[in-house]
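Please read these numbers as outputs of a predicted model, since none were measured by experiment. The figures that follow rest on heavy atoms only: side chains count, while hydrogens, waters and symmetry mates do not.
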Amino acid sequence: MTKYFISCCNNANYYFKFKVIFLLGASLVCAAALAAKSLPQPIVLKSRNGILNVTLNVTVSRSTQGPFSFNKRSYNGQATGPTIIVKKGDILNIKLNNQLGTEKPTKIGQYYTSKIAKNKTGDWMHDRDVYSYPNFTNIHLHGLHVSPLGNSDNVFRQCSPQQSLTYQYKIPMDHPSGLFWYHPHFHGSSSLQLASGMAGAIIVEDDENGSNMPKMEEKVLIIHEISHSNPTRFHTENIICYFCMDNFMWPSGDRLPLQKVLDKQNYPRYSRCGGKNWPGTKLDFAQLTQPLDCTYILFNGIYQPEIYLKAGVFQRFRLVQSSHQSAIRFGFNDLLNHDCDIKILAMDGIYLNQPRNVTAPLVVTAGSRVDFAIKCPIVGTFNLTSLRGGVHDSNMIHGSKTLYEPVLFPQLLAKLVVESITPKPSDALNMHDFNRQKVQLPNLLDKRVDRYYRVIYNLTAYGVEKSIIPKFIGQFLNGGQYSINGKSFTNRTEHCMVKNLVEEWTIVNAMNKLDRWMHSFHIHQNSFQIVNQTLGVSGQLIIENLAPGDYRDTVQVPVGGTVTFRIQATDYIGKFPFHCHVTAHQGIGMMQLVEVFDDKNSCLQYDSEKK
């Protein structure tokens, strides 16, 4: 069956053939989905003799875990992409085969695509960036310090349906060892494709002789956030559902039939999503109309898996928070209440100066990664949960209290099953072992700042500030003024940098008309070092513990607050993006481009011409 499926994906009518396969295997798949609870590991591809060749086929598969079964785009027909493991100095070659169909989008998709301006002005009402081109793709290596040019990490490349692209990445000899990841980044379709689960881990291995990180048994955890609308009383999809796959599909003209099926017997509450106030809220209009309470996640394609640990032994987890929208506030209360020791080792692929003990909920924003180690002294089964986000007084309706979003709602995520074992001598790790890590990147806080830059996230949500459209209607329009420094995505350089100079950036999450949306910040090619953060307005719970000196590449920016960091663009010149990693925001305008020049005169000349 698998062989037939792969071959039929190369044909223009593969959606029809996929439907036949789905019907033939539905009963077997449903039975397997209910039985499969143990956490699997993604397929591992590891370099040998300094090189790794990887083939990624973008195709259609079916997700059968959790409340909903549905068709989705995927890498190699798997729940997640393979885990790619390389060493410093390696060459990584990726062949990306786009096996999706060449059919035209629906009429509504053709209409919206025709309205997208080629000569962008930065005004969304003119530019009309929307979710589009559902079967076009490319790939981005998130967090890796590699070139943005040519056939390297160049997100401006286009892989059309039934076409292929080849990429080659040269991993620097001084690259930090750690956890990174890959995902689509074609403008217009990345939201839909990431919501389909197109993501995979990349691990740059520790130096065999130079690493001070003790060896532990480890597991990779790839998050796939599932967000569907619930059918209306007319048995149609809620196409105005914020962040849902349905909302990404409709304006883009996607012709892939979801064939969405709800397992009502095992998940009855998912038959009615939205339509109620969440505890602590009042007159929350968006929550009343949106099925945000029915969003859930899969770990490596499995719903609420059982994750096995050995009692009395530290085990390492490499978590890729590859949600397409939601920040997650992880709750470790059950583990902590049973004296489990939890230590954060690294964030965004960069080791901390020393591990941090987890004693409170851990916020991990969409796009970020965290390496942590757990040791539990007793045998038992413990819950890993997501905890609620903050509530605040809204300006939309007098007396209302609304949720800060997007955030995953409270729910069980996984069960950690601790089993008894006979420890080996190599299992005997203690705090002293963890305290011997080395800082791998320069301390920019001790360096002189050469230039300053301010990035302001703006949002009016319905296109223009002085719109005559009522707010309740306008907030649901397709698109909106999700902008940076007053401009929607211009697709041209908005800031220049000089290689090796130190810049200090301040990211501001300005208050907005709908005052509920949270934003994150990610920049390609170069990690940055935290200077400080301000917490903004009260009532927020999605606040990261950003310590000065930490290196990151993706951070949550508090509503009404700021994050200030220093960044030094080294090794590579070229153009690349920075953006909000809530991909629904990025896809309709909350992204801009920065360009790194070799010398200061070129950058000054650019600044002069821009003025």
Side-chain angles (χ1 to χ4, degrees), residues 22-23 25-39 61-72 79 195-197 223-247 249 257-281 284-307 323-326 328-331 334 381-389 403 405-417:
F22 159 63
L23 293 173
S27 59
L28 292 174
V29 167
C30 289
L34 291 175
K37 295 293 289 183
S38 180
L39 178 78
S61 60
R62 188 162 181 83
S63 178
T64 58
Q65 278 285 317
F68 290 103
S69 297
F70 59 98
N71 299 338
K72 68 186 191 79
S196 292
I223 286 177
H224 178 194
E225 181 182 23
I226 310 294
S227 182
H228 286 303
S229 75
N230 53 311
T232 67
R233 67 182 61 184
F234 303 107
H235 303 289
T236 58
E237 297 301 328
N238 177 6
I239 58 177
I240 60 172
C241 171
Y242 285 132
F243 310 126
C244 294
M245 280 189 66
D246 318 73
N247 180 243
M249 295 172 68
L258 275 178
Q259 294 178 336
K260 183 169 60 178
V261 177
L262 171 63
D263 182 353
K264 294 182 180 179
Q265 180 178 353
N266 291 288
Y267 309 100
R269 82 171 183 86
Y270 283 82
S271 61
R272 178 58 181 170
C273 304
K276 57 185 178 294
N277 276 304
W278 192 255
T281 65
D284 190 336
F285 184 74
Q287 171 56 25
L288 291 172
T289 58
Q290 303 296 306
L292 302 172
D293 52 325
C294 285
T295 296
Y296 59 93
I297 70 168
L298 307 178
F299 280 120
N300 299 349
I302 301 298
Y303 181 69
Q304 295 180 348
E306 293 177 341
I307 304 175
S323 296
H324 65 276
Q325 57 163 357
S326 293
I328 301 179
R329 188 167 167 248
F330 287 94
D334 203 9
T381 300
F382 310 109
N383 292 335
L384 175 64
T385 62
S386 64
L387 303 177
R388 72 178 183 90
L403 291 166
E405 291 161 5
V407 59
L408 191 68
F409 279 28
Q411 59 191 267
L412 175 68
L413 302 180
K415 288 183 176 293
L416 277 68
V417 182

Roughly how far, to the nearest 0.5 Å, is the CD atom of Q304 from the CG atom of L39?
13.0 Å
Any side-chain heavy-atom pair of C294 and R269 under 4.5 Å:
yes
How far apart are the closest heavy atoms of L384 and G331, and which atoms are they?
CD1-O, 3.7 Å
Pair Y267 and Y303, ring centroids less than 6.0 Å apart
yes
Check side chain to side chain donor-acceptor pair (under 3.5 Å) between D284 and all other residues, then give those that pass, not counting sequence neighbours.
R516
Correct closest heavy-atom pair for A414 and I307 would be CB-CD1, 3.9 Å
Interatomic distance, I297 atom CD1 to S386 atom OG [nearest 0.5 angstrom]:
7.0 Å
Write down the atom of P257, the atom of N71, and the distance for their closest heavy-atom approach.
O-ND2, 2.8 Å
Using 0.5 Å steps for rounding, measure from the CD1 atom of I328 to the CD1 atom of I223.
4.0 Å
Would you confirm whether K72, through its side chain, and L258, through its main-chain N or O, come within 3.5 Å as a donor-acceptor pair?
no
Looking only at non-hydrogen atoms, find the nearest pair between Q65 and G301 and report the distance.
CG-O, 3.1 Å
Could you tell me whether the side chain of R388 and the main chain of G280 form a donor-acceptor pair under 3.5 Å?
no
Heavy-atom closest contact (T64 atom, S69 atom, distance)
CA-OG, 3.6 Å
Those residues at least two apart in sequence (or on a different chain) that pass ring pair (Phe, Tyr, Trp, His ring centres under 6.0 Å) with F299 are none
With F409, which residues qualify under ring pair (Phe, Tyr, Trp, His ring centres under 6.0 Å), at least two apart?
W278
Aromatic plane relationship, Y296 with Y270 - under 30° parallel, 30 to 60° tilted, over 60° perpendicular
perpendicular
As an exercise, state the distance from OG of S323 to CD1 of I226, rounded to the nearest 0.5 Å.
9.5 Å
Tell me, please, which residues at least two apart from E306 pass side chain to side chain donor-acceptor pair (under 3.5 Å).
Y308
Are N300 and P305 packed together at the side-chain level, in the sense that at least one heavy-atom pair is separated by less than 4.5 angstrom?
no
Could I get the full list of side-chain contact (heavy atoms from CB on, under 4.5 Å) partners for T295, not counting sequence neighbours?
E225, S227, Q325, L408
Going by the rule side-chain contact (heavy atoms from CB on, under 4.5 Å), which residues pair with N383 if we only count those two or more places apart in sequence or in a different chain?
D334, T385, L412, K415
Side chains of M245 and K260: does their closest heavy-atom pair fall under 4.5 Å?
no
Smallest heavy-atom separation, H224 atom then G197 atom, equals NE2-N, 3.3 Å
